[in-house]
Structures are given as structure tokens and as C-alpha cells.
Amino acid sequence: MAEPFVGGEYVKGLGLGRLPVVDPATGEEVDSVPVCGEPEVDAAVRSAGEALPGWQALPAARRGEILGEVARAVMGARDELAGLLTSEQGKPLREARIEIRRFVHTLEHYAGLAKNIRGGYVPDLDEGAYGLILRRPVGVVGAIVPWNFPTTLLANKLGPALVAGNAVVAKPAETTPLTTLRIAGIMHEAGLPAGVFNVVTGEGPEVGEALVRHPDVRRVAFTGSTEVGRRIMELAGPQFKRVSVELGGSDPVIVCPDADVDAAVKGVNIGRFFNAGQACLAAKRVYVFDEVYDEFMEGLVKRVSRYELGDGLQKAEKPKIRMGPMNRTRYRDQVDSQLEEAVSRGARIVYQGEWSGSKGYFFPPTVIEGAPHDSRVVREETFGPLLPVFRVGDLDEALRLANDSRYGLGSSIWTRNIRWIHRAAQEIEAGMTWVNQLHYGYDELPFGGVKDSGVGREHGPEALEYYLESKSVVIGGLD
């Protein structure tokens, strides 16, 4: 049975009871973890606090070296970790291997930035006085990670936090704790000092809120739903904690008449149906100009029809592409409810795959058209393999509809027209816009949302700013 990782070891006997971890492809229990609460969170935070001075005292370059070493160790265990990830999350092994590689890449990226952590010098502040700007770690960081990309989204927080000299207490989603726990052990075995990275398990209202409320946690990094993000900010506000929340998204895609339609179809297909559509950063609303609408839909349906639902641990025969289950029944039922509401209001199902199995939490890939723009599939975040497509007459209409959402995470436009590209870049209300590209987050670029999609940024050197405090020092009176 899996156990929390605190102070460099797996600790037995914590928590009140056990929480089952279920394979979403079969509905069968694969393991269990303790139901932790405030005492366990306090122990993990104290462990992080005790490790903090030693970790902080290391030169940043040395912290970067250690981070690189543990990244290589995780890469060496990729196959083991990918199998574990698939068994608890449901995604196909191919996608799980990609995710583990992405975890490693992010740690390597921040390991490479270690030597770029610098302060500043300001001469001649006054007669015989000069100033220094010091950069110091924030302290203990609480990292709360969702179930859809449990290791990728952990790395987004772990990489900059550790290289900046902080210690971390992570709370993985209750449905996907196993891979995170195993990674913590691998990182410790590879040289990360005890207490620098701790993992507690349990459910959000107990463990997550205890972590956010803890007075010794000075920085909270969260990825998840907008509703939970709002709650985290309410809890963190009275203690003036540093907070970043990367929340829901309903990314618009605009396909113009001069677009490479085949490339747009491929980008939308992957962008919507990768990980069974369970991604905040994903193509979720597509606005296609009349001139290329029929061509686009024909190509989209042809590609989507290649998906074959099945257990992620099994291989799909080419040209079929394996799509795993959704992570839990309630997520599948929510997408089904969104589809039913859209159809009841006039939407038409253009394509829907098939699922004849009796086990697992599967939802077939589905494409619809003609949904009202105030239907749930548009107004809410659609977190599953359901894609609405809309006809538009011009760019003005496309941009207006793209911005007609409370979310503002990602967006894209497919065109060769430089004027349209500039308009989309300037006018779409989103934290990121791709041009003729798949929705994909790069470690080199800052990423985050506007409106109800969050506050703060991950990725890029900018992410380091959220894990460092600036301190000004004035020096004078020296001979």
C-alpha cells in the first residue's frame, strides 16, 4: 500500500482510514493511500521547514545540479512511472510516457536556469551609500495538483520552487497520488535532501485546505477548477500568501479561409482529444469560416473516427488511435449532461464514436455543430472529448464569439494573413495565442490565464519570480 512521503521516507500509520485508488479503465482498485488531515499536513510542513535552511544555503548552481541529477533518475524510471500513471489516471501508455518525459524536461529546464538567479546593485544612492537587491526563496511552498496531468503540472511548480531554494509540500489529487509518491522517492534516492519535497494524500476539503491555511506555508501554487481556485484565494488572502492559480479554460480556435485546413484539422483533433479531452489547455470551441467549413468538418470527422476506446495499458492497432477512459464517473456524466443539453436546444451530433464495453468510465469522442452560444457546452468548461464547431462569416464575428466566455486561458488562429494574426494576438482575451500551432505549453514561455482562468504565471524564467522575494539593502558609512 502506498504511503505519504515526509522527511525523506514513506511514513506508515498516518491518517484516518484509507482512500482507494481506482483504475478508470476497469473500475477496480489498484492501491490505496491514507486519508490525511491537519496533523499530517503539519508534520509535512514542519519537515519542509526544517530542511529549508540547508537547501537554501546551497549555491543556486548546486541546487540546479541536484535538480538535473534527480531529473535523470526519474527519466530512468519512465516505463515504471508511465505504467503507474496509466493505471491510476487512465491515459494510454504512449501519452503517459510523453507526460513523464515532460516532467523531466521541465526539471531540466529550471536546472539550467539556476545560474540566472541574480540580485542587483545600485550605486550612489547617497553620499557614501549604495544599494543591493537580494533574491531570497519565499519559504515553504504548498503545491496542489489535479488529476488530468498529475506529473506535468507538478513539475511546473516543483522545478522553479526547488531551484529558487524553497521546500515543497505537494498534495496530489485523491484519484492520482501514486505516480507522485513514487517520483518523490526516486528524487530522494537520487540526492534531493530529506524534507525538501514531501507528499501528503487525501481529499481537497481536508488536506488541500489545511495546506493553504497553514501559517508556515508562504506560497501556494494550484492548478484545477475555477471554483476551487476561488476558494484557495479566499483562504490564502487573510495571511497575504503568495498565490498562483491556473484554472479552467474554454480555448477558442479560429480557422480562416486561407488556412492550411489539413494542419488545422490535425491540430484541433489532437488539441481536443488528447488525454480524452481532459485538459484545461485544449481546443474546446472551433469557429470556422463558411468558405472552408465543409472541408474542415469532413477532415475532422475522418480523423476523429480513428479513435478506438480501450484500456490504456493495451496497444491500439494502426491506424486506430487508443483513447483511454475519463478519470471518474462523475466527470463522464458531466460531459454527457452538457451534450444532452446542447442537443435538446438544437445542436446536431456530426460524429460520435462507439463504446460497447461494460467496464470503465469511457465517453466516445463526439463532434457537434449548431449549439447555442449560451448552452452549457460553451459557457462551462467542457472537460472531456466533446467538441462544438461553429460557422462564422468573418473575423469580426469569430473574435466576438471567441471572447464571449468567462474563461481566457489559451486560443489559436489558423491563417497566413498577417493582419488577422495581429488582430487575434491583440484582441483575443487569453493568456496565450498560438498561430498555426497546436495548443501546447512551452517551458520557455510564461503561461497562465486571464478572467476566470486564473492569476499568475507558470513556465519561463518569469515563474521564478513567484518563488523569490526581493530584499533591498542600503550600505553606507564604510571607509
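None of these values were measured; they are calculated from a predicted model.
More than 12 non-hydrogen atoms from other residues, nucleotides or ligands lie less than 6.0 angstrom from CZ of R62. With a 6.0 Å radius and a threshold of 12 heavy atoms from other residues, nucleotides or ligands, E38 has its CD atom at or below the threshold. Atom CG of L16 has 12 or fewer neighbouring heavy atoms from other residues, nucleotides or ligands inside a 6.0 Å radius. In this structure, E354 places its CD atom where only 12 or fewer heavy-atom neighbours from other residues, nucleotides or ligands lie under 6.0 Å away. No more than 12 heavy atoms of other residues, nucleotides or ligands shown are found within 6.0 angstrom of CD on Q426.
Remark: E108 engages R101 in a salt bridge, criterion side-chain N to carboxylate O under 4.0 Å. Using a 4.0 Å cut-off between charged side-chain N and carboxylate O, R97 and D79 make a salt bridge. Ion pairing between E65 and K115 fails under the 4.0 Å rule for side-chain N and carboxylate O. With respect to K359 and E28, a salt bridge is recorded, a charged nitrogen being found less than 4.0 Å from a carboxylate O. Of the charged side-chain nitrogens involved, at least one lies within less than 4.0 Å of a carboxylate oxygen, so that R213 and E209 count as a salt-bridged pair. Comment: K266 does not engage D262 in a salt bridge, judged by the lack of any side-chain N to carboxylate O separation of less than 4.0 angstrom. Checked for salt-bridge contact, R63 and E69 miss the test: no charged N lies under 4.0 Å from a carboxylate O.
Judged purely by distance below 3.5 Å, without hydrogens or angles, the side chains of S411 and D251 never pair a donor atom with an acceptor atom. T201 and E174 share no donor-acceptor pair across their side chains, judged by distance under 3.5 Å alone. Checking E99 against T151 by side-chain atom types alone, a donor-acceptor pair falls below 3.5 Å.
Residues A51 and G195 share a closest heavy-atom pair of CB-C, 3.5 Å. Among all heavy-atom pairs drawn from T433 and S412, the shortest one is CG2-CA, 4.4 Å. The shortest heavy-atom contact between S87 and P24 is O-CD, 3.7 Å. Minimum heavy-atom separation, P364 to L309: CA-CD1, 3.7 Å.
The cationic group of R457 does not satisfy the cation-pi geometry with F447, failing either the under 6.0 Å distance to the six-membered ring centre or the 45° limit from the ring axis. Cation-pi geometry between R330 and F363 is not met at under 6.0 angstrom from the ring centre and within 45 degrees of the axis.
Put simply, the residue from R285, R406, K284 that forms a salt bridge (charged side-chain N to carboxylate O under 4.0 Å, His left out) with E381 is K284.
Put simply, the side chain of E3 does not reach to within 4.5 Å of the side chain of E9, judged on heavy atoms. With contacts defined as side-chain heavy-atom distances shorter than 4.5 Å, the pair I186/V70 does not qualify. Inter-residue side-chain proximity for R218 and V140 is flagged as unmet; no heavy-atom pair is nearer than 4.5 Å.
The ring pair (Phe, Tyr, Trp, His ring centres under 6.0 Å) check on F383 picks up W147, with sequence neighbours excluded. Evaluation of the side chain to side chain donor-acceptor pair (under 3.5 Å) rule for D311 yields no partner, not counting sequence neighbours.
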